[in-house]
Amino acid sequence: MSSFQPVRGTRDLLPEAHRGHRHVVETARRVAETYGFHEVATPIFEFTDIFARSMGETSDVVSKEMYSFTDKAGESITLRPEYTAGICRAVISNGLTQALPFKAFAAGPMFRYERPQKGRQRQFHQIDLELIGAGEPEADAEVIALAFDILAALGVAEKCRLEINTLGDAESRAAYRTILLDYLQAFRGDLSEDSRRRLETNPLRILDSKDPVDREIVGGAPLLADHLTPAAADFFQAVQERLARLRIPFEINAHLVRGLDYYTHTAFEFVTEALGAQGAVVAGGRYDGLIAELGGPQTPAIGWAGGIERLALLMGDPPPAPRPIALVPVGAAAETTALGLARRLRQAGLIVDWSYRGNPGKRMKRAAKLNAAYAVLIGDDELARGSATVRDLDSGAQEEVPLDRLAARLGAHG
RNA sequence: GCGGGAGUAGCUCAGUUGGUUAGAGCGCCAGAUUGUGGCUCUGGAGGUCGUGGGUUCGAUUCCCAUCUCUCGCCCCA
């Protein structure tokens, strides 16, 4: 039994769970298309370098969470931990910087070597949105509004809160980093062990610490908002105005930072209290430096990723499977007829199922279990008359229908 | 990677102060019912008590390790 365990942090998506995932993806795709986004798919793995360079060597994802391996040609390959880097690479690879803005929607599995919890797996699934080649605040507002519209369409918007912040431009960030470090150095001895480490790796992260002592120290820290360049401050203001105009409710969280190096300006998260420690369901931001960092032309961009498992958990019960029509042949001759009849009905667009064996009682039980809308019974009597008995499984009403009118009769109600 | 909790049938769980054949409900299969489901009745299958080792005459029970899930941390979607 234990040898049939799936690999840690992976799971099978059986029909009911898969319907939940599919509903998330289909809803997101439909809404994204109304904003003029088109779906793409990039490879599930890339050269390790793509992720290492884009996300930053010191980020947790790169330093300890990547599924990397050496292929038979000796290349270091990594299963993608996120979509953004791969899509940016694709933009450069395909010369799409000549056709900006490029608006991409994508969905698929991601891989991170982490300790699993509810809503956190080693193979998980994300929906992803990237708007590449637009540096205007309208782009930020629309990308965030699009995420909000998806959450609303999924019926989970009221369980989520939108937090936004700005990380400023490179200039603002560098200046603030120095100021913040000066301040924090004075408290070095009081900071948590994690935060002392972060002084070296990513001091901005300390702003987001959950340690109570850290929080107290951070409470008195200088704010990035007070050290933005005028241009960065104006941009953040413009984004807020546009969100307000779109009536997207948000709050500013000055301590919202990002673990990945490539973010600039707008950072945002849709968070929920309903998933324990895994509060972020959609998160993203602007990354104006990434494409240049990867070797392409300087190109502004903004995007986000949403966790499909987390969204499905918030959603609760997935939509029910569509109701089939159950065929119930009685007798050997009817069995043969049913085989062809099933195919004709399917070609007419109906969902048709049958249980292949058992007496009519068993087959009717099976039909009820499949939540069939109708049972179509065929026996010697019906065969002789070229008809079938259609039973409405909700009302129990039955009528005999000529075979050539069967599809129309079932289609009208199916 | 760090710290806590849990693991008994497909599912939800009971139980064994260490002692022969480990139980229930639901689900599954079959029969009552080879032309009619959701109700009912009867019967049946299904468990190396997560895995490995130790202690013991004897371990599902005690001890150790390990795996998986889970809660928190780190980090993130």
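For the numbers below, each heavy atom of this structure counts, side chains included, while hydrogens, waters and symmetry mates do not. Protein chains get the first letters and strands the later ones, always in sequence-line order, with residue 1 at the start of each.
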Side chain of A:R11 (C-beta onward), nearest among B:C69, B:A32, B:A77: B:C69

Return whichever of A:S395 or A:K64 has its heavy-atom-nearest nucleotide of RNA chain B closer to the 5' end. A:S395

Across every strand shown, the nucleotide meeting Watson-Crick or G-U wobble geometry with B:C69 (both distances under 3.5 Å) is B:G5

Go through the N and O atoms of the side chain of A:R120 and the base of B:C75, and report whether any donor-acceptor pair is under 3.5 Å. yes

Partner nucleotide of B:U40 by Watson-Crick or wobble geometry (both distances under 3.5 Å): B:A32

Could you check which of B:A77, B:U70, B:C74 has an atom nearest any side-chain atom of A:K118? B:U70

Which is true for A:V330 with a 4.0 Å heavy-atom rule: it touches a base, it touches only sugar-phosphate, or it touches nothing? base

Scan side-chain atoms only and decide if A:D211 and A:S192 contain a donor-acceptor pair under the 3.5 Å cut-off. no

For the pair made of CZ in A:F111 and P in B:C75, what is the distance, rounded to whole Å? 24 Å

Looking across every strand, which nucleic acid part, if any, lies under 4.0 Å from A:D128 by heavy atom: base, sugar-phosphate, or nothing? nothing

How would you label the contact of A:Q398 with the nucleic acid (heavy atoms, under 4.0 Å): base, sugar-phosphate, or nothing? base

Grab the CG-C1' distance between A:D211 and B:C74 for me, whole Å please. 12 Å

If you take atom types as modelled and just measure distance, does the side chain of A:R115 reach the base of B:G3 with a donor-acceptor pair under 3.5 Å? yes

Note: for A:R197 and A:V7 on RNA chain B, the residue whose nearest nucleotide lies more 5' is A:V7

Is a donor-acceptor contact shorter than 3.5 angstrom present between the side chain of A:R391 and the base of B:G37? yes

Test side-chain hydrogen bond (donor to acceptor under 3.5 Å, both in side chains) applied to A:T10 - qualifying residues, sequence neighbours left out: none

Please indicate whether A:R197 has more than 12 foreign heavy atoms, meaning atoms of other residues, nucleotides or ligands, lying under 6.0 Å from its CZ. yes

Which nucleotide in the set B:G37, B:C69, B:A77 lies at the smallest distance from any side-chain heavy atom of A:R310? B:A77

Can you tell me how the ring of A:Y67 sits relative to the ring of A:Y113, calling it parallel under 30°, perpendicular over 60° and tilted otherwise? perpendicular

Have a look at A:G396 and say if it touches a base, only the backbone sugar-phosphate, or nothing, with a 4.0 Å heavy-atom cut-off. base

When rounded to the nearest Å, what value does the distance between C1' atoms of B:A24 and B:U20 take? 22 Å

I want to verify a distance call: between B:C75, B:C74, B:A32, whose nearest atom is closest to the A:D194 side chain? B:C74

Given B:C28, is OP1 or OP2 found less than 4.0 Å from the side-chain N or O atoms of A:K369? yes

Between CZ of A:F4 and P of B:G50 the distance, given in whole Å, is 18 Å

Is any side-chain N or O of A:E382 under 3.5 Å from a base N or O of B:G35, one able to act as donor and the other as acceptor? yes

Under a 4.0 Å N-O cut-off, is there an ion pair linking A:K118 with A:E309? no

So, is A:Q117 close to the B:C69 phosphate, meaning a side-chain N or O under 4.0 Å from OP1 or OP2? no

Is it true that A:Q347 and A:R344 share a donor-acceptor pair across their side chains at a distance under 3.5 Å? no

Identify whether any heavy atom of A:E269 sits under 4.0 Å from a base atom; if not, whether one sits that close to sugar-phosphate; answer base, sugar-phosphate or nothing. nothing

Can a side-chain donor-acceptor contact be found between A:S54 and A:E293 if the only test is distance below 3.5 angstrom? no

Starting at CG of A:D380 and ending at P of B:U34, how long is that distance when rounded to a whole Å? 16 Å

Should A:R8 be listed as having a side-chain N or O under 4.0 Å from OP1 or OP2 of B:U68? yes

When rounded to whole Å, the CD to C1' distance for the pair A:E16 and B:G10 reads 15 Å

Name the nucleic acid region contacted by A:V282, choosing base, sugar-phosphate or nothing; use a 4.0 angstrom heavy-atom cut-off, strictly under. sugar-phosphate

Base, sugar-phosphate alone, or nothing: which one does A:R198 contact when heavy atoms must sit under 4.0 Å apart? sugar-phosphate

Does A:K210 put a side-chain nitrogen or oxygen below 4.0 Å from OP1 or OP2 of B:G72? no

Give the nucleotide from the list B:C71, B:U68, B:G37 with an atom nearest to the side chain of A:Q5. B:U68

Indicate, with a heavy-atom threshold strictly under 4.0 Å, whether A:A283 touches base, sugar-phosphate, or nothing. sugar-phosphate

For atom CG of A:N371 and atom P of B:G37, their distance in whole Å: 17 Å

Remember a base hit wins even if backbone is also touched, and classify A:G276 as base, sugar-phosphate or nothing at under 4.0 Å, heavy atoms. sugar-phosphate

